[in-house]
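Values below: every heavy atom of this structure, side chains too, minus hydrogens, waters and symmetry copies. None of the values given here were measured: they were computed from a predicted structure. Atoms within each ligand, like the ligands themselves, are counted from 1 in listed order.
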Amino acid sequence: MSDPRQRTPMTGHEKDERWTAVDVWAKERLYPPGSPYYKEIHNALQLSESRGLPAIEVSDLQGRFLVTQCQMLDAKHVLELGTLGGVSSICLASSGPDVHVTTIEIDPERKKVAEEAIAKAGLSDRIEVLLGAGVDVLPQIRKEVDGGKRPKFDFVFIDADKPNNVNYYNAAVPMTRSRGCVMVDNVVRRGRLAEDDTAKEDPNVQGARDVIEAAGKDDRLMSSSMIQTVGEKNYDGFLSCIVK
Ligand code: DHB
Ligand code: MG
């Protein structure tokens, strides 16, 4: 079987082979086979590939970056928008033995794949996959948080349909504890973020702009920043927001 780690979603002229070479080099040192959850993530990637899911999940090193963020926050309760095949959900849950992940997926087939991967990783008791559109499921979660039935989240990872970024962000901020983090994936989009004409035509780019603009004006935040990334998943970036 082909190595699912080498799958790449975008091969545009922007892609620089050094980015992948550096990811491979660093991965061999920071996250070699035998590392915690290496096998589980590899299995999840293979399952995603064999079931035809798009190869747009976080890279191994991006997944491990999420782990570092959760560990810095001492996160116990994590919310994710956009489960896909469960790769990032497994990463998030791997950040600690008592970390619980609630992840929302609109596509029943993807949810099925994710639940299989999660079961194979032995994490079914710590990762809950909810089926539905984020805009429908989030109000229910909000009710549970407001009613004291669920704790606020320490870390929220928004990685679903990009036009709804700002809706997910606005729903997430009040459910995030003080000094918790709301992180949004894919806000740079090979640099198209800064192209006015592209943003007008591409709702995904407009979705990235909208959430960055919302964060910049948001009095509910202590701070926010955006980091551009390159690597085997091409050129993109994360928005990171810390809640007051
Ligand atoms: C792509 C990457 C992502 O991480 C995502 O959530 C959606 C799309 C992409 O590379 O196209
Ligand atoms: Mg993404």
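The existence of a salt bridge linking Glu144 and Arg150 is confirmed by a sub-4.0 Å separation between a basic side-chain nitrogen and an acidic carboxylate oxygen. Checked for salt-bridge contact, Lys76 and Asp154 miss the test: no charged N lies under 4.0 Å from a carboxylate O. In this structure, Arg142 pairs ionically with Asp146, as a charged nitrogen and a carboxylate oxygen lie closer than 4.0 Å.
Relative orientation of the His100 and His77 rings is parallel, given thresholds of 30° and 60° on the angle between their planes.
Each of the atoms 4 (O), 5 (C), 6 (O) of ligand 1 lies under 4.0 Å from some heavy atom of Asp159. Listed by number with element, the atoms of ligand 1 under 4.0 Å from a non-hydrogen atom of Asp185 are 4 (O). Interface atoms of ligand 1 facing Lys162, defined by a heavy-atom separation under 4.0 Å, are 5 (C), 6 (O), 7 (C).
Taking backbone and side-chain atoms together, Asp236 has no N/O/S atom less than 2.8 Å away from the Mg ion (ligand 2). Among the backbone and side-chain atoms of Glu57, no N/O/S atom is found under 2.8 Å from the Mg ion (ligand 2). Residue Asn186: an N/O/S atom is found under 2.8 Å from the Mg ion (ligand 2).
Under 4.0 angstrom from ligand 1, the non-hydrogen atoms of Arg189 all belong to its side chain. Looking at Val58 against ligand 1, nothing comes within 4.0 Å, counting heavy atoms.
Residue Lys233 places every heavy atom at 4.0 Å or more from ligand 1. Residue Glu57 places no heavy atom under 4.0 Å from ligand 1.
No continuous path of hydrophobic side-chain contacts links Val67 to Val156 [ILVMFWY only; heavy atoms under 4.5 Å]. Linking ILVMFWY side-chain heavy atoms closer than 4.5 Å, directly or via other members, places Val187 and Trp19 in a single hydrophobic cluster. Residues Leu239 and Tyr235 fall within the same hydrophobic cluster, defined by Ile, Leu, Val, Met, Phe, Trp and Tyr side chains chained together at heavy-atom separations under 4.5 Å. Under a hydrophobic-cluster definition in which Ile, Leu, Val, Met, Phe, Trp and Tyr are linked whenever side-chain heavy atoms come within less than 4.5 Å, directly or via other members, Met72 and Val78 are assigned to different clusters.
At a threshold of 4.5 Å between non-hydrogen side-chain atoms, the residues Gln62 and Phe238 count as touching.
Of the N or O atoms in Ile56, one or more lie within a sub-3.5 Å distance of an N or O in ligand 1.
Take the N/O/S atoms of Asp159: the one nearest the Mg ion (ligand 2) is OD1. Note on Asp185: its N/O/S atom closest to the Mg ion (ligand 2) is OD2.
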